[in-house]
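Right, one structure below, let's go through it.
Everything quoted here is computed from the prediction, not taken from an experiment. Every heavy atom of this structure was used, including side-chain atoms; hydrogens, water molecules and symmetry mates were not.
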Number of protein chains: 2
Amino acid sequence: MAARMTRQRTAVVEALDELADFRSAQQLHETLRARGESVGLATVYRALQALAEASEVDVLRAEDGESLYRRCARREHHHHLVCRHCGRTVEIDGPTVEAWASKVAAAQGFDDIEHTIELWGTCADCRASAATK
Amino acid sequence: MAARMTRQRTAVVEALDELADFRSAQQLHETLRARGESVGLATVYRALQALAEASEVDVLRAEDGESLYRRCARREHHHHLVCRHCGRTVEIDGPTVEAWASKVAAAQGFDDIEHTIELWGTCADCRASAATK
DNA sequence: CGGCCTTTGACAACCGTTCTCAACAAGCGT
DNA sequence: ACGCTTGTTGAGAACGGTTGTCAAAGGCCG
């Protein structure tokens, strides 16, 4: 139960802190390998899972179903505008949207409401480099 | 290129029409088998894929990553309130939300914007049967 | 330092989905 | 109705992300 601070966990957290954008577990694993920090893939998955449970990282699903992780600045509930090419992320919140969501759901007799509100797009940088093809 | 109307495709469409709720490809496959309509799993996947491309069905991802399909009443853009236990679905639209989403994204210099707005909950029926455990 | 007990890592197992490819059948022309 | 052409089917293999297994490694508390 006690969360031990191991070299591997520290490495995962550090990598997330530096990256700042949404990354897949495999990308993270690759990054760690590249910088010499040898960490097993399964361990990366477990670390991310634990962090997500503790709300230390946000998780969202890419369009192809892969899970992406990010260490967000704010721990409160919020949403994201994510570049589908490079993972670049902007945190956003929509107080209006929150209210709207729970009102609609309640009106239909639904409980335990959760909502998924994510915005995907192509950021300015990726649009520029795509033009240079 | 021409879309041929085969027994299998017809069966998939019919099953979707009757079900009315979001179902996974495997559930659909199981349903068809159960009613004697022998259809290969791969074929179900292909049929759903084709229907999705033609905007004949809506696709969304369950929390565990599985794809769910549904034949919606309206073909225009809309969102869903889905019971995470039985797939029961209510179509909803949020004109305010749409506007908000594209405005926010544009303000950050993002292009090709797409948004995912889905509501998950437990419907009244499932809540009731859960109480009977 | 010693030992308990969590964590690790290589690899196998899983599971949803897609691919392969020979057999099959829609739909068209005759 | 009869071929023919060509898209479609289906069983099984392949795939890719993720999770499980289990012996070895190593935090952490006394």
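As rounded to whole Å, 11 Å separates atom C1' of D:dG20 from atom CD of A:Gln49. B:His29 has its NE2 atom 8 Å from the P atom of D:dA11, to the nearest Å. Taking atom CG of residue B:Leu48 and atom P of nucleotide D:dT9, one finds them 12 Å apart after rounding to whole Å. What separates CG of B:Leu41 from C1' of C:dC15 is a distance of 11 Å, to the nearest Å. In this structure, B:Leu28 atom CG and C:dG16 atom C1' are separated by 15 Å, rounded to whole Å. Atom P of nucleotide C:dC15 and atom CG of B:Asp64 are separated by 12 Å, given to the nearest angstrom. C:dG16 atom P lies 12 Å from atom CZ of A:Arg61, rounded to whole Å.
Salt-bridge annotation for A:Glu30 and A:Arg23: absent, with no side-chain N of the basic residue lying under 4.0 Å from a carboxylate O of the acidic one. Under the 4.0 Å criterion applied to side-chain N and carboxylate O atoms, A:Asp17 and A:Arg71 are assigned as salt-bridge partners. Salt-bridge check for A:Arg7 with A:Glu37: passed, with a basic side-chain N closer than 4.0 Å to an acidic carboxylate O. Ionic pairing of B:Arg35 and B:Glu18 is present here: one or more N-O contacts between side-chain nitrogen and carboxylate oxygen are shorter than 4.0 angstrom.
Of the side-chain N and O atoms in B:Thr6, none sit less than 4.0 angstrom from OP1 or OP2 of C:dA26. Between B:Gln8 and D:dG10 there is a side-chain polar atom (N or O) within less than 4.0 angstrom of OP1 or OP2. Phosphate contact (OP1/OP2 of C:dC15, side-chain N/O of B:Gln26, threshold under 4.0 Å): absent. The phosphate of D:dT18 (OP1 or OP2) has a side-chain N or O of A:Tyr45 nearer than 4.0 angstrom. Phosphate proximity of D:dT18 to A:Ser67: present, with a side-chain N or O under 4.0 Å from OP1 or OP2.
Proximity note for A:Thr43 (side chain, C-beta onward) versus D:dG10, C:dT8, C:dG16: the nearest is C:dT8. Considering only the side chain of B:Arg4, D:dG7 comes nearest among D:dG7, C:dG9, C:dG16. The nucleotide whose nearest atom lies closest to any side-chain atom of A:Arg9 is, among C:dT7, D:dG10, C:dC11, C:dT7.
The nearest heavy atom of DNA chain C to B:Glu66 and to A:Val39 marks one nucleotide each, and the one closer to the 5' end goes with A:Val39. Where B:Ala25 and A:Arg7 meet DNA chain C, the nucleotide closest to each residue was compared, and A:Arg7 sits on the side nearer the 5' end.
A:Ser38 comes within 4.0 angstrom of the backbone, heavy atoms only, and of no base. Among the protein residues, A:Arg46 comes within range of the nucleic acid bases, having at least one heavy atom under 4.0 Å from a base atom.
Residue A:Leu68 is not grouped with residue A:Leu51 when hydrophobic side chains (ILVMFWY) are merged at heavy-atom distances under 4.5 angstrom, including chains of intermediate members.
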